[in-house]
Structure formats: C-alpha cells, structure tokens
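Here the structure is laid out as structure tokens; the discussion comes afterwards.
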Amino acid sequence: MNDLNVVGLGYIGLPTALMFASHDVNVVGSDIDVTRVENLQKGEIPFDEEGLQELYDYAQTRKMIRFTSECQSARNYIVAVPTPYDNLTKKVDASYVVASVKSIMQVCPDETTIIIESTIAPGTIDKFIRPIASLSGKTIHLAHAPERIIPGKMIYELNHNSRIIGADDKETRQNVGLLYSSFCKGEIVLTDIRTAEMTKVVENTYRDINIAFANELAKICLKEGMDVYEIIRIANKHPRVSILAPGPGVGGHCIAVDPWFLVGQYPDAQLIRQARLVNDSMPALVLSRLEDIMKANKLEAMSQVGLYGLTYKENVNDTRLSPTIQLLSLCEEKCKSGLKVYDPYVTTDLVDNQYHNLDDFLRDVALVVIMVAHDEISNNIYKLSNKIIFDTRNICTIPGTYKL
Ligand code: SAJ
C-alpha cells in the first residue's frame, strides 16, 4: 500500500510530496486538475522555486512518487488545497478541504490518518472535517500540520523550519511527528488540533499587523515630509523593536488572507481588521502618490509610466493578490489606462501593455514605479538613471528618487 497520498499539488502540496518521496516515503500525489497531473507525469513543474526541479528529478529517479487525478488508497493523507475566505463574511471557505476529505473517504482503508496542511480557522476540523470522518464508519485519525514555508526559500524551509503537529491523542501526534521527521530537521512540536489551527493563523496575523504598522508610519511620515525608512532603521536599533518594511501592499495567499479568518470568526478583533484594511489601502496610496509625482514632473499620460513588477513579492513568479494587479484595477475604475508593466518572472501576457524585456520597457517610459524588488532591477538600477523613479521598496539610491 502507498505510505502517503498528498492531495493538492500546488505551492505547498507539490514540494511536500516530493520531499517525502525523496526520503523513502512511497508517495502518490493527486490533484483534480488533470492537466497539472499530466504535466507532472511528463516532468513539467507548474511553478518556479529554487531546488524544486532537483527535488522532482531525485524523487523520480528513486521511483518513489507517481501522480494521479484521483485519491488513492494510502496509510496517510496530507490535504494541501486552497482555503480562501468568503468575501462577505470573511470566514474561511473550507469547501476545497471538505471536498478533498470526502474523496479520501471513498478510498481510504480503516485506521488511516488524515493530516490537514491547508491553513484553516480555529475550529474548522471540529466543525467540518470530524463529522465527515465520523459518518464514514471507519476509524480515522485526524491531524493538523500547517505549513510555514516561504515562497522563494521553500525547499530550505521545508527541511529546517520547526513544525507544529496537532492531533487528538498522543499516539497520532507521535506517528505524524515520526512521518514528518523523515525529512524535517527542525523541532517538531506536538499539540492538540485547535492549538495548531490557531497558532498558524496567529503567525501570519502577527506579520500582517507588523507590516500594517510600517505602512501606517509611511503614511504619517509622508504627511510630515519625513523619511520613514530612516526612522524604522534607527528605531530597530532598540533591542526590543523590530519593525518590518512599508511597501505597496500585502499580496500572496497567506498573509493577505489568513487574518480575515480571525476577523470572520471574531468580529470584535478590531486591531486585526484594521491592520488588514491599512495594508489593503496601500495600492490606492501608491496610485495617489504617483498622480502627485506625475503632476510635479508635468507628466500627463499614464502611458508614460511603467510599473516594474507584477508578482506579489521579489524573486518569485506568484502573482496572487499582487499589489500591482490591485493598483491596475484601481486605475481601470478611474477609467485610466495605458500604464506599462514589466516583470521578468511573468512570461505570459497577464495584463494590458505588458513587456517581456527590461530594456524595451524602459525605452518606452519616462517614470518607473518599482513595485517589486526583484534582484534583476537591483542589479540593473543604473539603467534608471535618466528616469523619474518612484521606488515603493526602498532599493534605489539614485538621487531624486521618490519613496513612499
Ligand atoms: N511585505 C511587506 N513588508 C515586509 C514584508 C513583507 O510589505 O516587511 C509584503 C510582501 O512584499 C508581500 C507580502 O507582504 O506582498 C507577504 O510576503 P511575506 O514574504 O511576508 O510572506 P508570504 O505570504 O510569502 O509567506 C508567509 C510566511 N509567514 C510568515 O512569515 C509569518 C510563511 O512563513 C508562511 O508559510 C506563508 O505566509 C503561508 O503559507 O502561510
């Protein structure tokens, strides 16, 4: 029998499945997206991540992984599917997790263990998953092992980060801990399911609030004509102060999403809600500052402006909830168009007026807005010396550069 079926082969599921398969665990990776499965069978990886190709090649040569579009019988399951939030209620939308667990129930043997890795609000397993497991009539051991890996450093962090494992009883905790210790070199912390659920959401919420504080400081400093980066740099010399960096907004499907789970469930969580709103307001702030900079430089047409970067952060090709895309949709609402856009990591056409070469892009614009601090632009910053520059990431030291 297969040791493990990883359900959901996205940003988390795929590296996780490959990591287990590279450490002598017999893995089936399944995904309802048939094209993704066929591509993986052919050796095509759906996204770029340092070390992922090597991990894939290694797992394949060891013949420890195969890919299918349906769940298979296995001793253990890991569910790593998306958990968005409901736009209206802000509560977690657990429908993909629920659907995955229902599919697992069709094929799993008795005494199987189902580990949810997807980020979920506290109480989600009790409310949505436990009833499905109970109804099946099989003995199912439930666990929550939320991931903590950061895009751009996923493989390293999979190996080295500490892991939380929440389960009902000591035996399941230890068994799941043992499974993860096949590759995980970090500390494995065993706890109960609700604590694991809450801890994961709290970690991302902490970061969101810290970024919101930096963004709020940027707004205050802008009014006062002060340099927010210098203030944060000096404040961070205090032994107990560590403020993060302001930026054009918070993107990705983790930090911009998970705090909403808490707000949806606990509407009195004012600080968490406010932090989300501050971070969500940043693309609008960048646009209004851009309009001021254009006026000051007598630029009238948006077509003279280029946005550098489409991804949600540096050196990844992930564009989910990207601040640049949010800014572009704000422009459309105002009936403004013509903004030019370039990102070295986005090779398909995603938005209007998108370029695929840095030099072509720079040739056609007078003002460049640095939205993402990819290494490419840091290494070629000299190419901006004859441009008006609005740097939302604080990477450019050319005199006259506008900052947040
Ligand atoms: N950002 C800022 N200022 C900062 C740091 C980040 O504006 O000082 C912005 C980034 O540009 C980006 C967004 O925030 O748009 C989020 O990026 P990130 O690098 O902070 O985090 P993610 O979303 O890529 O990954 C986070 C990580 N969580 C924490 O650091 C607590 C990662 O460890 C989690 O595994 C991941 O969420 C997840 O999957 O939950």
Side-chain angles (χ1 to χ4, degrees), residues 8 10-16 47 49 80-85 92 116-121 144-164 186 196-219 228-229 232-233 235-236 242-262 275-276 278-283 285-286 308-327 343 345 370-374 391-395 403-404:
Y11 288 95
I12 302 304
L14 181 60
T16 303
F47 56 91
E49 179 63 38
V81 295
T83 41
Y85 63 88
V92 65
I116 310 293
E117 277 216 17
S118 308
T119 303
I120 44 182
H144 184 42
E147 55 77 23
R148 286 167 155 171
I149 54 180
I150 197 135
K153 243 176 116 186
M154 281 181 161
I155 308 301
Y156 176 85
E157 291 208 349
L158 249 183
N159 270 314
H160 294 93
N161 282 359
S162 156
R163 277 211 91 107
I164 320 161
E197 288 173 323
M198 182 65 101
T199 307
K200 165 68 197 188
V201 179
V202 161
E203 290 166 2
N204 279 354
T205 302
Y206 166 81
R207 192 158 169 88
D208 198 42
I209 292 173
N210 194 335
I211 298 169
F213 180 58
N215 282 333
E216 188 140 292
L217 287 180
K219 289 182 177 184
V228 66
Y229 300 102
I232 292 175
R233 189 182 72 82
N236 281 352
S242 180
I243 307 169
L244 292 174
V250 169
H253 254 229
C254 309
I255 298 201
V257 172
D258 302 353
W260 284 127
F261 297 171
L262 287 177
R276 272 287 63 248
V278 169
N279 287 338
D280 275 354
S281 74
M282 292 311 286
L285 178 96
V286 171
Y308 178 91
L310 253 174
T311 60
Y312 84 90
K313 67 173 187 180
E314 67 283 0
N315 304 326
V316 298
N317 67 353
D318 188 343
T319 56
R320 292 176 299 170
L321 296 182
S322 125
T324 305
I325 294 175
Q326 293 179 47
L327 192 152
D343 190 308
Y345 285 87
I370 301 175
M371 295 292 288
V372 184
H374 291 310
D391 174 12
T392 70
R393 295 288 187 174
N394 196 30
I395 55 166
K403 301 265 167 113
L404 273 179

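Start at 1 and go down the list; that is how both ligands and their atoms are numbered.
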Could you check whether the rings of Tyr345 and His374 sit parallel, tilted or perpendicular, using 30° and 60° as the cut-offs?
tilted

I need the atoms of ligand 1 closer than 4.0 Å to a non-hydrogen atom of Val250, numbered in the order shown.
13 (C), 14 (O), 15 (O)

I'd like to know whether OH of Tyr156 has more than 12 heavy-atom contacts from other residues, nucleotides or ligands below 6.0 angstrom.
no

Do Lys313 and Ile150 touch side chain to side chain, with heavy atoms closer than 4.5 Å?
yes

closest protein heavy atom to atom 21 (O) of ligand 1 is Ile255 CD1, 3.5 Å

State the atoms of ligand 1, each with its element, that fall below the 4.0 Å cut-off from a heavy-atom position in Cys254.
23 (O), 36 (C), 37 (O), 38 (C), 39 (O), 40 (O)

Using a strict 4.0 Å cut-off to heavy atoms of Pro151, name the atoms of ligand 1 that fall inside it.
24 (O)

Those residues that, when tested against Asn210, pass side chain to side chain contact (heavy atoms under 4.5 Å, CB included) (two or more places apart)
Tyr206, Ile243, Leu244

Hey, is ligand 1 close enough to Asn204 that some N/O pair sits below 3.5 Å?
yes

Check whether any heavy atom of Lys200 sits under 4.0 Å from an atom of ligand 1.
yes

Can you list the atoms of ligand 1 that are under 4.0 Å from a heavy atom of Gly251?
12 (C), 13 (C), 15 (O), 16 (C)

Atom 34 (C) of ligand 1: nearest protein contact (heavy atom, Å)
Ile149 O, 3.6 Å

Looking at ligand 1, does any of its N/O atoms fall within less than 3.5 Å of an N/O of Glu157?
no

Gly249 near ligand 1 by a heavy-atom separation under 4.0 Å
yes

Tell me the protein heavy atom at minimum distance from atom 33 (O) of ligand 1, and give that distance in Å.
Arg148 O, 2.7 Å

Report yes if some N/O of Arg393 lies less than 3.5 Å from some N/O of ligand 1; otherwise report no.
yes

Does the side chain of Leu285 reach to within under 4.5 Å of the side chain of Lys219, using non-hydrogen atoms?
yes

State which residues pass salt bridge (Lys or Arg N to Asp or Glu O under 4.0 Å) with Asp318; sequence neighbours excluded, sorted by chain then number.
Arg320

Is the shortest distance from a heavy atom of Gly252 to ligand 1 less than 4.0 Å?
no

How far is atom 3 (N) of ligand 1 from its nearest protein heavy atom, and which residue and atom is that?
Ala245 O, 2.8 Å

Nearest-neighbour protein heavy atom for atom 15 (O) of ligand 1, which is reported as residue plus atom name and distance:
Tyr312 O, 2.8 Å

